[in-house]
Amino acid sequence: IDDLAKVDYSLNSSPAVFRPFIDLDLKGIVYPAGNHTGPPYVAAPFTVPDQSDSMLYLAFSEYFFQTSSFAYYTARAFDITIAEEVKSGKLICFLLFFFFLQTCSYFNISTEIFGSIIPEVAKYSVTPYPVMLKLMATEIPVISLEQDSFTVEIQGSMEVFAVLPDSTTQSLFTMNVAANTSIALNIFDQKLMGSLCLNR
């Protein structure tokens, strides 16, 4: 898939060949690159609705997404350091998903911004200093499939540092983050589009 994860897919059973269609039952498992350790999940069987008005149907199980989440968590893909310029809106998206989603305008974050929210930061840093953020997932993100969407539950932490004039850093505070979001996928104008809703 990329430098961090690979997918292993093989037939679960012999292909079922019928006059109007063929069923291919594949078991797809995503592993961390260079580590073929089995994920801590059990694949549950599922069925595809019996429909015949389209040429091709693809179905992905919860197991596929769970192993993907496990692989990227094991590869520490959700541990990221953000310094200096941060894309507006992306920081919020990152706290929700621990990866960037949309292209947004740039702005500089500093101790002045956090000082307006947290008085202790304002007391510590009278002079505005640039800020560095260290974000990490503290547990494997949980992905659950729903009827028309899927939910992602993420738990992580964010440590905020002030970058001092001599390029050293001073830890300001650490906060825990827990987010539950829903994502609905639709095909619009021959493109797969997603809509995001923050549940809590």
Side-chain angles (χ1 to χ4, degrees), residues 1-13 24-48 58-83 86-87 89-104 109 131-161 169 171-186 192-200:
I1 301 175
D2 53 30
D3 293 339
L4 301 176
K6 62 182 179 179
V7 61
D8 179 14
Y9 54 92
S10 56
L11 281 171
N12 237 3
S13 58
L24 293 175
D25 185 13
L26 301 173
K27 183 178 180 181
I29 306 174
V30 181
Y31 294 97
N35 182 0
H36 210 73
T37 304
Y41 306 106
V42 177
F46 71 100
T47 57
V48 179
L58 295 175
F60 293 91
S61 68
E62 220 171 57
Y63 180 77
F64 177 80
F65 293 105
Q66 289 171 338
T67 60
S68 300
S69 178
F70 171 78
Y72 282 103
Y73 175 82
T74 303
R76 303 181 67 89
F78 304 122
D79 297 359
I80 292 182
T81 299
I82 303 174
V86 177
K87 290 187 175 182
K90 284 190 175 181
L91 177 57
I92 296 172
C93 294
F94 187 85
L95 291 176
L96 298 177
F97 292 105
F98 287 85
F99 56 82
F100 294 112
L101 297 180
Q102 300 292 331
T103 301
C104 307
I109 56 172
V131 168
M132 180 176 73
L133 310 177
K134 285 190 175 180
L135 301 104
M136 63 179 292
T138 54
E139 294 185 16
I140 302 170
V142 178
I143 300 173
S144 304
L145 300 184
E146 309 292 341
Q147 179 65 33
D148 297 314
S149 64
F150 61 93
T151 61
V152 180
E153 294 185 37
I154 295 175
Q155 295 193 42
S157 68
M158 178 179 74
E159 188 170 7
V160 179
F161 297 84
T169 59
S171 178
L172 297 177
F173 63 90
T174 300
M175 61 186 288
N176 293 328
V177 180
N180 181 296
T181 64
S182 294
I183 302 172
L185 299 177
N186 293 289
L192 184 65
M193 308 290 285
S195 57
L196 171 68
C197 176
L198 177 63
N199 298 328
R200 64 180 185 271

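For the single chain, residues carry numbers from 1 onward in sequence order. Quick caveat, the model's predicted, so the values are computed rather than measured.
Put simply, CD on Glu159 and NZ on Lys134 are 7.0 Å apart, with the number rounded to the nearest 0.5 Å. The structure places OH of Tyr63 at 10.5 Å from OG of Ser68, a figure rounded to the nearest 0.5 Å. Interatomic distance, Met158 CE to Ile80 CD1, rounded to the nearest 0.5 Å: 13.5 Å. In this structure, OG1 in Thr181 is found 8.0 Å from CZ in Phe150, a value given to the nearest 0.5 Å. The line from CD of Gln66 to CD1 of Ile29 is 12.0 Å long, rounded to the nearest 0.5 Å.
Nearest approach of Leu145 to Glu62, heavy atoms of both residues: N-OE2, 2.8 Å. In terms of heavy atoms, Thr67 sits closest to Gly28 at OG1-O, 4.3 Å. Closest heavy-atom contact between Ala137 and Tyr73: O-CE1, 3.5 Å. Nearest heavy atoms, Met136 versus Asp79: CB-OD1, 3.1 Å. Closest non-hydrogen pair, Ala71 versus Ala5, comes out as CB-CB, 4.3 Å.
For the pair Val30 and Phe64, the minimum side-chain heavy-atom distance is below 4.5 Å. Between Ser149 and Ile183 the shortest side-chain heavy-atom distance does not fall below 4.5 Å. Annotation: side chain of Asp2 is in contact with side chain of Tyr72 (closest heavy-atom distance under 4.5 Å). Glu153 is not listed as a side-chain neighbour of Gln155, based on a closest heavy-atom distance of 4.5 Å or more.
Residue-environment remark: CZ (Phe173) exceeds the threshold of 12 foreign heavy atoms within 6.0 Å.
Using cut-offs of 30° and 60° on the angle between ring planes, the pair Tyr41 and Phe70 is perpendicular.
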Verdict with reasoning, Leu11 to Leu26, per side-chain contact (heavy atoms from CB on, under 4.5 Å): CA-CA 4 Å; Leu11 281 171; Leu26 301 173; 3.5 Å; yes
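With hydrogens and angles disregarded, no donor-acceptor distance shorter than 3.5 Å links the side chain of Thr138 to the backbone of Ser157.
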